[in-house]
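Worksheet: one structure, shown below.
Keep in mind that this is a model prediction, so the values were computed, not measured. We name chains A, B, ... by the order of the sequence lines, and we start the count at 1 in each one.
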Number of protein chains: 2
Amino acid sequence: MSAIRRSKEPAKASNRKRQRVPTAAALNRRMRHTERKRSAILEAALATFSQYGLHGASIDQIASRADVSKTNLFYYFSNKEELYTSVLSYLLDLWLQPLMAFTEDQDPIDAIRDYIRVKLEFSRDHPAESRLFCMEVMQGAPLLLNQLKQPLHDLVENKVTVIRAWIDQGKLAPIEPYHLIFSLWATTQHYADFRVQVEAVAGKTLDDPDFYQETLTSLEKLVLDGVRPRN
Amino acid sequence: MSAIRRSKEPAKASNRKRQRVPTAAALNRRMRHTERKRSAILEAALATFSQYGLHGASIDQIASRADVSKTNLFYYFSNKEELYTSVLSYLLDLWLQPLMAFTEDQDPIDAIRDYIRVKLEFSRDHPAESRLFCMEVMQGAPLLLNQLKQPLHDLVENKVTVIRAWIDQGKLAPIEPYHLIFSLWATTQHYADFRVQVEAVAGKTLDDPDFYQETLTSLEKLVLDGVRPRN
DNA sequence: TCTAATTCAGACCAATTGGTCTGAATAAAC
DNA sequence: GTTTATTCAGACCAATTGGTCTGAATTAGA
């Protein structure tokens, strides 16, 4: 996990008095150390926020989960909200990436199949990220909407065009592109966001390789072929 | 909105001293009044909890939204958790209902079409309920899982059997029933739970009748026909 | 060795908030 | 008119918690 925004830089040089100039190698090591520490904290924050929400999670909880002292946590992040938004903007990037792969020169069926796979892998490998994203959006994304709105809108707009082109070329059934995208998001994320419900109902989660494969196959089939019987 | 559980009964008769026996009509009026008041509070609680979460919502906030004093709120609900679980168990009922309609004697295509419509109507008319349910499940459903697990499991088990029968009769493409159900839940609830995202992307919500119709048509088409081009 | 960065435990503070208590006003039912 | 249920404002309490401060220990780099 790599930090994206930071407002509180550790290792700021005190510039009064004659200062020592650290070597490049040392600076590098410091940076790596700082990054690792920040990452550990961010990871703990992610897990905790995604389970309890912004208000339900306490700094003490996060600090102890990250195995650092509260003092040390505040050494890296100036306050709770900065910690929270750091986590959010990190995962926003992660969340947006897969969609970018859609390009017009692909075969749409392949592109959609790939997209389902990538998103389902994300749900399996990053369920906490998926849930925190969901939670934030669900609450109206008060801290994310500004960052989210424009890039997301533009990206989707772009992909809608691609999908329309596919439809015009007869490579795809005429379906409203927005809803296709929403459906792909919804179905794949469901297995992360509603994990406990899936488990309560089906008795399994994506962590089970067989269940993962079954899910992937079912979603592909459902989206690509629908449920109407073939004769 | 009708209350389901209550642990703090107002209007309890003080049984020392010679008590007056209220007439049936009076009792009835009292009950109705109590119900209305409880409902108003529950409604405010639902709206507030669904936006801010259990911890993010404050009693003061809820009371003022329901237009009652904090004292009065505690006159009807003994504490925050009871208020929260009252809201939850109310909406659990609401949430489970639509699925019961699936029966083997129906035509599966009709049944699925109907189900999509009913669930999408729910997303349009009860978005706060949908979001609160989502939020609770996402956090591991600590207060709902016990109530949820058994009935949900049984209900779904039942419907899975129905779907398998349809498949065996050749009325439905061979799809894993669990995943069909999950996909129907996911796609329809998405429009309530990710409302702000849908709005950011498509510029519209289900409140817009045209958009609602477009969504309904798209989901029906997608699930029933898939996206592969027909020749 | 000297300096600066990092880390910690723990005391502490102030704001929020769930919840109680008081005491009084009002409305409803008889 | 009398009783009982309902309602309120507001004081109040105790727990939680975000965040600060201190002072000291440790580590890394020069």
>> Whole angstroms only, please: what is the OH-C1' distance between A/Tyr75 and D/dT27?
In response: 12 Å
> Between atom CG in A/Asn79 and atom P in D/dT20, what is the gap in whole Å?
Replying inline: 8 Å
>> Closest approach to the side chain of B/Lys70, judged atom by atom: which nucleotide of D/dT6, D/dG18, C/dT20 is it?
In response: C/dT20
>> Donor-acceptor check, side chain of A/Ser130 to backbone of A/His126, threshold 3.5 angstrom: yes or no?
In response: no
> With side chains defined as the heavy atoms from C-beta onward, is the minimum distance between B/Tyr115 and B/Lys159 less than 4.5 Å?
Replying inline: no
>> Rounding to an integer number of Å, can you tell me how far B/Tyr52 OH sits from C/dT16 P?
In response: 15 Å
> What is the nucleic acid contact for A/Lys37, judged by heavy atoms within less than 4.0 Å: base, sugar-phosphate only, or nothing?
Replying inline: sugar-phosphate
> Within this structure, what is the CZ-to-P distance between A/Phe74 and D/dG18, rounded to whole angstrom?
Replying inline: 7 Å
> Between the side chain of B/Arg195 and the main-chain N/O of B/Thr205, is any donor-acceptor distance below 3.5 Å?
Replying inline: no
>> Is it the case that D/dG19 (base atoms only) and A/Lys80 (side chain only) share a donor and an acceptor within less than 3.5 Å, ignoring hydrogens and angles?
In response: no
>> Between P on D/dA15 and CD on B/Glu81, what's the gap in Å once rounded to a whole number?
In response: 18 Å
>> For a quick check under 3.5 Å, do A/Gln150 and A/Asp154 share a side-chain donor-acceptor pair by atom type?
In response: yes
> Whole-Å distance between C/dG19 P and B/Asp60 CG?
Replying inline: 12 Å
> In whole Å, what is the span from the CD1 atom of A/Ile59 to the C1' atom of D/dG19?
Replying inline: 9 Å
> Quick one: B/Arg32 CZ to D/dT6 C1', roughly how many Å, whole number?
Replying inline: 17 Å
>> Regarding A/Ala57, tell me which of base, sugar-phosphate or nothing describes its non-hydrogen contacts under 4.0 Å with the strands shown.
In response: sugar-phosphate
> Does B/Ser69 put a side-chain nitrogen or oxygen below 4.0 Å from OP1 or OP2 of D/dG10?
Replying inline: no
> Would you say the side chain of A/Ser58 and the base of D/dG18 hold a donor-acceptor pair, judged only by whether the two atoms sit under 3.5 Å apart?
Replying inline: no
>> Can you see if the side chain of B/Thr71 gets near the phosphate of D/dT6 - specifically, an N or O under 4.0 Å from OP1 or OP2?
In response: no
> Any side-chain N or O of B/Asn72 under 4.0 Å from OP1/OP2 of D/dT6?
Replying inline: no
> So, B/Arg131 side chain and A/Gln139 main chain: donor-acceptor pair closer than 3.5 Å or not?
Replying inline: no
